[in-house]
Amino acid sequence: MIDLRNVSKTYPGGNVALHDVNLHLDDGEFAFIVGSSGAGKSTLLKLLLHEEKPTTGQIYVNDFAVHKLKPSQVPYLRRSLGIVFQDFRLIPSLNVYDNVAFSLRAVGASKQEIRKKVPFMLELVGLQDKFKSRPDALSGGEQQRVALARALVNNPRIIIADEPTGNVDPERSMEIVSLLEQINKLGPGILMVTHDHNLVHRFRKRVIRIEDGTVLSDRKGGIY
Amino acid sequence: MKLHSFGYLFGEGVRSIFRHKLMSFASIGVLTACLVLIGASVLLTVNINALVGGAEQENEIIAFLDDFEKEESEAKTAEIRALLEKIDNVDRIDYVSKEQALQEEKDRLGEDAALLDGFEENNPYPAHFVLTVRDLTTLSATLEEISSIPHIYRVNSAESVTNALISLRSTVQWISTAVFIALVLVSLVIISNTVRLTVFSRRREINIMKMVGATNSFIRTPFMVEGTMLGVFSGFLAFALLGGLYKWLMGSFDGMNFTIGSFDGMVPFADLALPLLLGFLLAGMLAGMLGSVSSIQKHMKV
Ligand SMILES: Nc1ncnc2c1ncn2[C@@H]1O[C@H](COP(=O)(O)OP(=O)(O)O)[C@@H](O)[C@H]1O
Ligand SMILES: [Mg+2]
């Protein structure tokens with residue numbers, strides 16, 4: 001569940017990134033966020049992750065009141081989210097298996113848990129044969145699937161993805177969004193920022209369009 | 001923190017040392033060099049103090065007593081001794097009676113002792129106390145206190161020699177303290193820069209940890225383990241290097257076989273080894289740990 005009420009964000013330099021944004025996402029909902037570069041899409045996601053704080057307004061994510069979250073609670077907010085970035089953000093010195101295990105270890109999972117969950121996730125994203133590879137030996141699409149497995153392994157309630165297909169060729173992009181659709185059917189909600197019109201048209205989900213820091217349109221069915 | 005997590009984080013800290021070999025190598029090099037320099041300045045100070053430090057015991061003060069009635073003598077002497085003991089700065093107190101004073105003089109004259117024959121009846125040598133002080137810097141005040149005791153009519157001490165020694169010693173202490181502080185400051189700057197570099201090269205990892213919901217203590221622990229281990233290792237290394245250097249220097253001094261005052265060579269290494277080792281390990285550990293914690297702190301905010 002995501003709920004934004006009258007949220008504005010002005011960066012210290014005076015840059016207004018978001019202005020009076022209201023937005024609601026139910027549990028298990030799938031939505032794209034579109035808009036031109038500099039519209040405020042990444043800022044919106046950063047507010048959800050508590051990477052940035054809103055200047056005014058209230059933000060609720062899952063069971064957390066993010067706008068007034070104590071620092072000690074931030075890790076628990078993030079554990080309820082699966083986060084995916086355009087640049088994958090894998091750890092180059094770790095192989096695929098350990099990159100996925102990384103987020104389990106970070107939340108204090110036991111060895112048995114790790115041994116059970118990591119292979120399951122790698123199979124889900126179709127990388128069970130590459131578990132020993134280093135990230136730099138994989139294609140962009142494969143790296144993003146590793147990142148997806150890592151985001152999923154802690155059973156998040158929402159996957160938050162900032163242009164996950166930005167560094168992936170069109171065909172592989174299709175695969176990744178299909179994978180997200182499959183994951184969505186298993187439960188978690190998906191909030192994905194993208195530039196790619198073809199993807200948005202093809203998958204016919206809810207589309208939130210942001211321009212100049214405000215929500216310009218919010219429709220279902222892949223139209224904006 | 002769960003126990004299996006700690007096991008993992010400890011292992012992660014150790015593995016990280018080997019994973020980032022160049023950075024570990026640089027950290028150990030910097031820390032060891034700093035410790036050796038600081039240790040060398042401490043050892044130099046210790047030896048210079050040993051050289052000028054015996055001054056208190058070497059400087060005898062002689063307090064002469066006037067001749068009081070023979071029968072009262074012992075009680076009076078005890079009274080005066082009690083008064084001397086009350087003075088805080090007075091350390092050793094030896095009494096020399098008139099007879100002993102005469103005998104000492106005879107011993108000094110040796111073959112010419114016959115010159116003093118017949119002096120027993122009318123002994124001109126005064127009874128006196130031979131004193132040493134704990135702290136030479138307050139000598140003149142102590143001398144005044146001693147003079148004010150009844151029946152002490154004169155106090156002798158080599159005050160000018162003492163003053164020269166004191167000023168030499170305090171100069172040495174000032175310089176060595178200044179050098180020590182300067183070295184510690186320089187070391188802190190170098191170490192924190194080295195660690196900052198390490199952390200900077202791994203801010204990506206730290207950022208990923210934050211994004212997957214790792215707590216700050218979870219993120220900090222491997223860095224602390226790593227910093228501490230590097231520190232302890234550098235401590236041992238610095239100890240071995242400095243110990244070797246010290247023994248080598250001592251060997252070359254022994255060949256010369258010289259003596260200045262009470263100084264008969266360098267302070268033996270065995271007397272210094274344990275405090276030096278403990279100091280190095282503690283300093284290395286603290287530097288490694290604080291270095292990693294302080295420089296990681298600003299990456300923790302996001
Ligand atoms: N850390 C920052 N400090 C100052 N201004 C920023 C910062 N991050 C983004 N901005 C500004 O906020 C606006 C929105 O940026 P962003 O959310 O990254 O847009 P998008 O992701 O839609 O391209 C832009 O004008 C950008 O320059
Ligand atoms: Mg962006």
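Chain letters run A, B, ... following the sequence lines, proteins first, then strands; residues in each count from 1.
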| Below 4.5 Å, heavy atoms only, C-beta onward: do A:V107 and B:F218 meet side chain to side chain? | no
| query | How about A:F30: does its CZ atom have over 12 heavy atoms from other parts shown lying under 6.0 Å from it? | reply | yes
| chain B contact via A:S93 - side chain, backbone, both or neither, heavy atoms under 4.5 Å | side chain
| Roughly how far, to the nearest 0.5 Å, is CZ of A:R105 from CG of B:L9? | 10.0 Å
| Around atom OH of A:Y11, are there more than 12 heavy atoms of other residues, nucleotides or ligands at under 6.0 Å? | yes
| remark: In A:V84, A:L81, A:L49, the residue satisfying side chain to side chain contact (heavy atoms under 4.5 Å, CB included) with B:M211 is A:L49
| Does CG belonging to A:L186 count more than 12 external heavy atoms closer than 6.0 Å? | yes
| said: Is it the case that the side chain of A:R78 and the backbone of B:V212 share a donor-acceptor pair, with hydrogens and angles ignored and the cut-off at 3.5 Å? | reply: no
| task | Please state whether the side chain, the backbone, both or neither of A:L90 comes within less than 4.5 Å of a heavy atom of chain B. | result | backbone
| query | Counting only heavy atoms not in B:F180, do more than 12 sit closer than 6.0 Å to its CZ atom? | reply | no
| said: Looking at A:H19, I'd like to know if its NE2 atom is crowded, meaning that more than 12 non-hydrogen atoms belonging to other residues, nucleotides or ligands lie closer than 6.0 Å. | reply: no
| said: If I compare all heavy atoms of B:S5 with all of A:G108, which pair ends up nearest, and what's the gap? | reply: OG-CA, 3.3 Å
| query | Is atom CZ of B:F10 surrounded by more than 12 heavy atoms (other residues, nucleotides or ligands) closer than 6.0 Å? | reply | no
| query | Once you round to the nearest 0.5 Å, how far does OG1 of B:T215 lie from CZ of A:R79? | reply | 6.0 Å
| note | Taking every heavy atom of B:R204 against every heavy atom of A:P92, the minimum-distance pair comes out as NE-CD, 4.4 Å
| So with a 6.0 Å cut-off around OH of A:Y60, is the heavy-atom count from everything else above 12? | yes
| said: Atom CG of residue position A:D27 - does it have more than 12 heavy atoms of other residues, nucleotides or ligands inside 6.0 Å? | reply: yes
| note | Rounded to the nearest 0.5 Å, the CD atom of A:E51 sits from the CG atom of B:N207 at a distance of 6.5 Å
| field | Portion of A:A151 that has a non-hydrogen atom of chain B nearer than 4.5 angstrom | value | neither
| Roughly how far, to the nearest 0.5 Å, is NZ of A:K111 from OH of B:Y8? | 11.0 Å
